[in-house]
Amino acid sequence: VSTFQTNETAPPCVVRDMKNSWTGGETAAAAPPESARETLALSIHLHQEGALERLIQLFEAPLFNYSQRLLDNASDAQEVVQDTFLRAHRAITHQYDEARCAALALRPWLFRIARNLCFNRRRSRGATRFEPLEAFDDGRMGPFVQPVSSDLERREEMAQLDRALSQLPLEARELIVLRFIEEMSYAEISTTTGSNEASLRGKVFRSLKLLRSALETRGVAHAM
């Protein structure tokens, strides 16, 4: 049973103070540093004490945020995250050898698992909203403006950002989350989505144009 809990005062874009649904501890909301990830799969493969706990602490909140934005449903996102960890643990401990675990690009690999589960869930419920970004290219792009605002205004802007994201084509929404919220490199996004890096740069550019238009429609200028 999922026991995700969120801090209601936190901006909707980042789930903070989320209870670890497997262990009851606190999860880490910030992106994990590379040094904390590079040997984690191997540690789990070797059944080192606390390794699985660290995996969950590092990735539960980012995977939940990502999945929730793809699915528009917190309950579904919780189930996807738990299934992601189950599949990842099974692969690392029973399917992959030591060399493969040592070389595993852990973060994009986990997001790839979650992505596949999200798309399977969307298909099962008949959600097919996946339109090519090229259809939305209006040839216009301007800078985002950094407003000076209070914490309350900032939270409202973050809520506006989430509402604007929800109106974008699924591909644009996903790319913005991966590039600007999860701060993935293009190489990591390529591993996660299966797209080549050259095409991703153009798609991210078009995604930002769509987000800018959506925010302007709502009268919001938001700095990414």
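All heavy atoms count here, side chains included; hydrogens, waters and symmetry mates do not.
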Derivation and outcome, side-chain contact (heavy atoms from CB on, under 4.5 Å), residues Leu46 and Ser43: CA-CA 5 Å; Leu46 297 175; Ser43 297; 6.0 Å; no
CD1-CG distance between Ile181 and Leu161, expressed to the nearest 0.5 angstrom: 6.0 Å
Separation of Asn73 CG from Ser67 OG (nearest 0.5 Å): 11.0 Å
Side-chain ion pair, Asp83 and Arg121, N-O less than 4.0 Å: no
Derivation and outcome, side-chain contact (heavy atoms from CB on, under 4.5 Å), residues Leu117 and Val81: CA-CA 9 Å; Leu117 291 170; Val81 172; over 6 Å; no
Pairwise distance OG1(Thr192) to CD(Glu174) - rounded to 0.5 angstrom: 8.0 Å
Backbone N/O of Asn116 and side chain of Asn120: donor-acceptor pair under 3.5 Å: yes
Where Thr93 and His47 come nearest, the two heavy atoms and their spacing: CG2-CE1, 4.1 Å
NZ or CZ of Arg115 within 45° of Phe119 ring axis and under 6.0 Å: yes
Least distance between heavy atoms, Ile92 atom then His45 atom: O-ND1, 2.7 Å
Where Arg125 and Asp76 come nearest, the two heavy atoms and their spacing: NH1-OD2, 2.9 Å
Residue pair Gln82 / Gln78, side-chain donor-acceptor N/O under 3.5 Å: no
Arg107 to Phe59, cation-pi by 6.0 Å centre distance and 45° axis angle: no
Thr191: side chain to side chain contact (heavy atoms under 4.5 Å, CB included) partners, not counting sequence neighbours: Pro108
Residues, nucleotides or ligands: over 12 heavy atoms within 6.0 Å of Gln95 CD: yes
CE on Met184 to CG on Leu175, rounded to 0.5 Å: 11.0 Å
Interatomic spacing from CZ in Arg163 to CG in Leu215 - rounded to 0.5 Å: 10.5 Å
Arg100 to Tyr96 six-membered ring, cation-pi geometry met (6.0 Å, 45°): yes
Min side-chain heavy-atom separation Arg122-Leu170 under 4.5 Å: yes
Worked check of side-chain contact (heavy atoms from CB on, under 4.5 Å) between Gln68 and Val80: CA-CA 9 Å; Gln68 185 178 34; Val80 162; over 6 Å; no
Candidate pair Leu210 and Ile176, rule side-chain contact (heavy atoms from CB on, under 4.5 Å), full reasoning: CA-CA 10 Å; Leu210 290 178; Ile176 288 170; over 6 Å; no
Heavy-atom donor-acceptor pair, Arg112 side chain to Thr193 backbone, under 3.5 Å: yes
Heavy-atom closest contact (Leu71 atom, Cys118 atom, distance): CD2-O, 3.5 Å
Within 45° cone of Tyr186 ring axis and under 6.0 Å: Arg179 NZ or CZ: yes
Flag side-chain contact, heavy atom, 4.5 Å: Val177 against Leu70: no
Nearest heavy-atom neighbours spanning Ala51 and Ile44: CB-CG1, 3.6 Å
Side chain to side chain, Ile189 and Phe111, heavy atoms closer than 4.5 Å: no
Backbone of Glu188 reached by a side-chain donor or acceptor of Ser185 within 3.5 Å: yes
Side-chain heavy atoms of His89 within contact of Ile56, under 4.5 Å: no
Non-hydrogen atoms of Ser195 and Lys203 that approach each other most closely: OG-NZ, 4.0 Å
Interatomic distance, Glu182 atom CD to Arg69 atom CZ [nearest 0.5 angstrom]: 8.0 Å
